[in-house]
Number of protein chains: 2
Amino acid sequence: MAKRIEPVALSRGLVLRSAVGLADAAGLESLTMRRLAEVLGVEAMSLYHHVANKEALLDGVVEVVMDEVAETVAGLDRPERDWRATMRMTVLAARGVMLRHPWAPGVFTTRGSASLPVVRYIDDIAGIMRRGGFTQDLIHRALHALGGRALGFAQELFEPGDAAGEGGVESLGPMAAMLPNLVAMLSEVVHDDPDSTLGWCDSQAEFEFGLDLILDGLERHRTA
Amino acid sequence: MAKRIEPVALSRGLVLRSAVGLADAAGLESLTMRRLAEVLGVEAMSLYHHVANKEALLDGVVEVVMDEVAETVAGLDRPERDWRATMRMTVLAARGVMLRHPWAPGVFTTRGSASLPVVRYIDDIAGIMRRGGFTQDLIHRALHALGGRALGFAQELFEPGDAAGEGGVESLGPMAAMLPNLVAMLSEVVHDDPDSTLGWCDSQAEFEFGLDLILDGLERHRTA
DNA sequence: ACCTGAACACCGTTCAAGT
DNA sequence: ACCTGAACACCGTTCAAGT
């Protein structure tokens, strides 16, 4: 499970990047100081010379992910004239990074106050809207309305696969009688979309639908 | 800190309600099997006779909170003819319950698959839309677009109070130069709303703005 | 059946000691 | 300056024993 690597010099950057790698490979619950040290071929206490404590480690992990987002966004060819297209492209790029680190939303939302890299990303988003002709007040409300969605977080109420994943609607089992509306909905929608590869529905399309709903609404407020 | 109560007979319901009370009073990080047992005046291992393990305890905690939501929703006088008003009223009622349990979103989003009480709530939401004339496909997409917001979760990217809480825009400090758009936005918006009691902005109004953006968008899809 | 106490395998973290 | 090993105060949980 834990593969030791050569005894390279430890550094904050290496510790943080290894933490991201460990969470990617083995899940967030595996990211402990002791396991991380083991991966780095070092004693747990050595980590404390590069990171104040576990909270600081998680702050650093957010930094690493946000650096990846910033790099991806920097590589985009945005049509700055069109605020809506630019925003859409930026948010979907951030989402692409988050899909590579499915545990990231769980860490971001426990981080109390926003770190510099997150705030810098939001500043970019605000700039897109400003150049698009938003008032400051509308920018403010837009940032709240987007919330985690600005970084590509979906916050679904349940994950694909539990209600109508393999077993179909029948797998709802004895509760089906209590859920007439969901049963009716699922029996129709699942049939409509039989070869969706991503589960009981294509969550990329669903994310974009929700994002567009908000962007459309903002555009209407902008021109009002 | 931990107040012992009389040695009443333990039961699953009492264990779960005490767990909610402990999280309310001392925060989610205080909700441990040992602390919960102490509050109940019992040994930690006694809890395992009423709850399989900590995961099951948290599932039960979700149940308790959802029961509170269901009770609140049942007491509403909904104008069923108007899907939009009914939906709005229902979601805001759920949000009212969540505001009493600020730790709840953090527990709900770690619950993997949806529990029966959550699914039953979603079924109600689906029913509102169905009676409002939604197609099954639009109901499906609407549920994804709402996500956690259907239960009143906001998922803000940062909490009020860290950027421009007490100290105002200046408290952004040395990073201000890197954040021209946010500085411009905050210096204007905070002035517009000087006596907001809830922090740097009124999050209830912000939540309703975001919710209305989605409901308006859905209404437009419905009539298209 | 319900509850207990000791024990185990983990955590994060402090501290004194090494180099 | 950086790393170590033992130790401490916590976790969740197993198990054998009590009533």
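Labels below follow one simple rule: chain letters A, B, ... track the order of the sequence lines, proteins then strands, and each chain is numbered from 1.
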Candidate list B:L16, B:V51, B:L57, test side chain to side chain contact (heavy atoms under 4.5 Å, CB included), partner B:L36, passing option: B:L57
Atom CG of B:L47 and atom P of C:dC3 are separated, to the nearest Å, by 9 Å
A:L36 CG - D:dC3 P separation (whole Å): 13 Å
Strictly by modelled atom types, are B:H101 and B:E68 linked by a side-chain donor-acceptor pair under 3.5 Å? yes
If you measure only the distance, is there a donor-acceptor pair under 3.5 Å linking the side chains of A:Q204 and A:R95? yes
Tell me, for nucleotides 4-19 of chain C in 5' to 3' order, what letter each nucleotide earns: B for a base near a protein heavy atom under 4.0 Å, S for only sugar-phosphate near one, - for neither? BB-B---BBBB-----
Do the non-hydrogen side-chain atoms of A:Q136 and A:R130 ever get within less than 4.5 Å of each other? yes
Looking at side-chain heavy atoms only, is the closest gap between A:E38 and A:R35 below 4.5 Å? yes
Exactly one candidate in B:R12, B:R17, B:R111 meets salt bridge (Lys or Arg N to Asp or Glu O under 4.0 Å) with B:E63; the answer is B:R12
Pair listing, ring-ring contact (aromatic ring centres under 6.0 Å, His included) test, anchored in residues 28-76 of chain B, at least two apart: none
Regarding A:R78 and A:D124, does a basic nitrogen lie under 4.0 Å from an acidic carboxylate oxygen? yes
Pairs counted as Watson-Crick or G-U wobble with both distances under 3.5 Å: what dot-bracket string results for DNA chain C, using | for bases tied to another strand? .|.|||||...|||||.|.
